[in-house]
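Take a look at the structure set out below.
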Amino acid sequence: MPWILFSPRKGTAISLQKYINMEGNANEIEWFPSLIFQELYVKLNRMAAIAADMFVGRERFAILLLMRLTETVILWLSQDQSFWDDIEEGPRPLGHLGLQQFYLDMKFVTCFASQGRYLSRNLLRVVNDIISKAMSAFAATGMDPDSVLPEEDWFTDIAQDAMERLSGKPKVANGERDLNSPTASVSAQSMSSVRSHGSY
């Protein structure tokens with residue numbers, strides 16, 4: 001488990017049960033990124049502020065540091081075999097609400113990494129692979145993932161709202177990010193490609 005995901009109060013908390021237990025509670029759900037990904041965003045924001053002070057004139061080094069930390073977390077999730085065994089072969093299948101929350105969490109990661117200018121091609125590839133695995137597991141129940149997931153803009157809007165609320169900063173005008181960002185071209189490769197290509 002990457003140290004950045006550890007909370008003294010809660011320990012580590014990426015659990016399949018978070019997603020499985022959502023079924024049957026549609027009317028009670030307030031759609032927002034899962035708590036552990038909220039905390040990841042907050043911690044990375046704090047580290048970005050510290051790095052900005054420590055590495056004045058070496059901003060690229062700070063960006064690479066954040067990039068590697070985020071990649072480490074997502075790679076860990078992609079390689080957590082017990083998590084994926086439960087999703088693919090567990091006694092309770094991943095339902096459409098759990099899939100929607102999981103997709104939202106992954107979208108949140110790509111959105112805050114893009115905003116922070118540390119969304120790498122490798123991170124985007126791993127996130128897309130994770131989404132494909134989750135959608136494949138859902139499709140194995142006989143249901144079409146695309147028939148139950150909202151449009152891409154729905155996920156983007158919630159992720160942007162979450163960043164605004166968690167950081168206390170206003171969203172970028174018109175939902176657009178800095179075109180001078182070194183990851184601007186990468187962020188254009190939306191996770192919607194996973195769905196449109198039907199790779200699951």
Side-chain angles (χ1 to χ4, degrees), residues 2 4-7 9-10 12-14 18-19 22 25-55 59-60 62-74 77 97-121 123-124 126-128 130-131 134 149-195:
I4 198 170
L5 290 182
F6 183 79
S7 167
R9 290 186 299 113
K10 308 178 191 67
T12 53
I14 294 184
K18 153 73 180 177
Y19 304 104
M22 295 182 70
N25 299 315
N27 295 331
E28 302 174 11
I29 297 174
E30 179 182 355
W31 291 105
F32 208 68
S34 297
L35 182 60
I36 194 165
F37 292 103
Q38 294 179 42
E39 292 183 346
L40 175 63
Y41 171 64
V42 170
K43 287 178 179 179
L44 288 170
N45 260 6
R46 289 174 184 160
M47 293 187 68
I50 294 171
D53 291 336
M54 290 180 62
F55 303 113
E59 288 78 9
R60 183 61 182 169
I63 288 173
L64 286 172
L65 174 63
L66 295 169
M67 189 182 296
R68 294 295 176 257
L69 282 170
T70 310
E71 288 177 354
T72 297
V73 171
I74 301 305
L77 177 59
L97 296 176
L99 177 65
Q100 188 169 326
Q101 180 67 56
F102 189 74
Y103 195 105
L104 173 59
D105 289 340
M106 294 299 101
K107 182 66 179 181
F108 180 56
V109 171
T110 61
C111 282
F112 72 63
S114 176
Q115 183 190 66
R117 303 173 67 185
Y118 50 90
L119 177 62
S120 67
R121 294 182 186 278
L123 175 60
L124 189 61
V126 176
V127 167
N128 283 342
I130 288 174
I131 289 293
L149 289 174
E151 294 296 322
E152 192 74 11
D153 286 348
W154 183 88
F155 294 100
T156 301
D157 289 346
I158 293 178
Q160 293 286 352
D161 179 62
M163 289 188 290
E164 180 180 12
R165 288 165 62 180
L166 291 169
S167 67
K169 298 177 182 178
K171 290 181 287 189
V172 180
N174 301 319
E176 296 178 356
R177 61 187 298 272
D178 181 6
L179 294 180
N180 293 321
S181 165
T183 58
S185 62
V186 177
S187 64
Q189 302 176 35
S190 169
M191 289 196 302
S192 62
S193 63
V194 178
R195 295 165 65 177

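Remember, predicted model here, so these are calculated numbers, not experimental data. Both backbone and side-chain heavy atoms feed into the values below; hydrogens, waters and symmetry mates do not.
Side-chain contact between T110 and L123: absent, with no pair of heavy atoms (C-beta onward) separated by less than 4.5 Å. The shortest distance between side-chain heavy atoms of F108 and L166 falls below 4.5 Å. Side-chain contact between K18 and F102 is absent, with no heavy-atom pair separated by less than 4.5 Å. Here the side chains of W31 and D157 are not in contact, with every heavy-atom distance at 4.5 Å or above. Residues R60 and I63 have side chains in contact (heavy-atom distance under 4.5 Å, counting atoms from C-beta outward). Contact check for M22 versus I29: side-chain heavy atoms found under the 4.5 Å cut-off.
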Full working for side chain to side chain contact (heavy atoms under 4.5 Å, CB included) between D105 and V109 = CA-CA 6 Å; D105 289 340; V109 171; 5.9 Å; no

Yes or no on side chain to side chain contact (heavy atoms under 4.5 Å, CB included) for M106 and I130, after CA distance, side-chain angles and deciding distance?
-> CA-CA 8 Å; M106 294 299 101; I130 288 174; 4.0 Å; yes

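One distance of note links CG of L149 with CD1 of I131; it measures 8.5 Å at 0.5 Å rounding. The line from CE of M54 to CG of L65 is 9.0 Å long, rounded to the nearest 0.5 Å. Note: L44 CG to M67 CE = 12.5 Å, rounded to the nearest 0.5 Å. If you take CZ on F32 and CZ on R165, they are separated by 4.0 Å, rounding to the nearest 0.5 Å.
For A159 against L104, the heavy-atom pair with the smallest separation is N-CD1, 4.5 Å. Across all non-hydrogen atoms, the minimal contact from S34 to Y19 is OG-OH, 3.9 Å. Across T70 and Y118, no two heavy atoms sit closer than the pair OG1-CE1, 3.2 Å. Of all non-hydrogen atoms in M47 and L69, the two that sit nearest each other are CE-CD1, 3.3 Å. Residues A48 and L66 come closest through the heavy atom pair CB-CD1, 3.7 Å. In plain terms, the two heavy atoms of F37 and F112 that are nearest each other are O-CE2, 4.3 Å.
Residues that satisfy the side chain to side chain donor-acceptor pair (under 3.5 Å) test with Q100, not counting sequence neighbours, are absent from this structure.
Under the 3.5 Å distance criterion, the side-chain polar atoms of Q115 are left unmatched by any main-chain donor or acceptor of Q160. Of the possible donor and acceptor atoms, one in the side chain of Q38 sits under 3.5 Å from a partner among the backbone N and O of P33.
Relative orientation of the F155 and Y103 rings is tilted, given thresholds of 30° and 60° on the angle between their planes.
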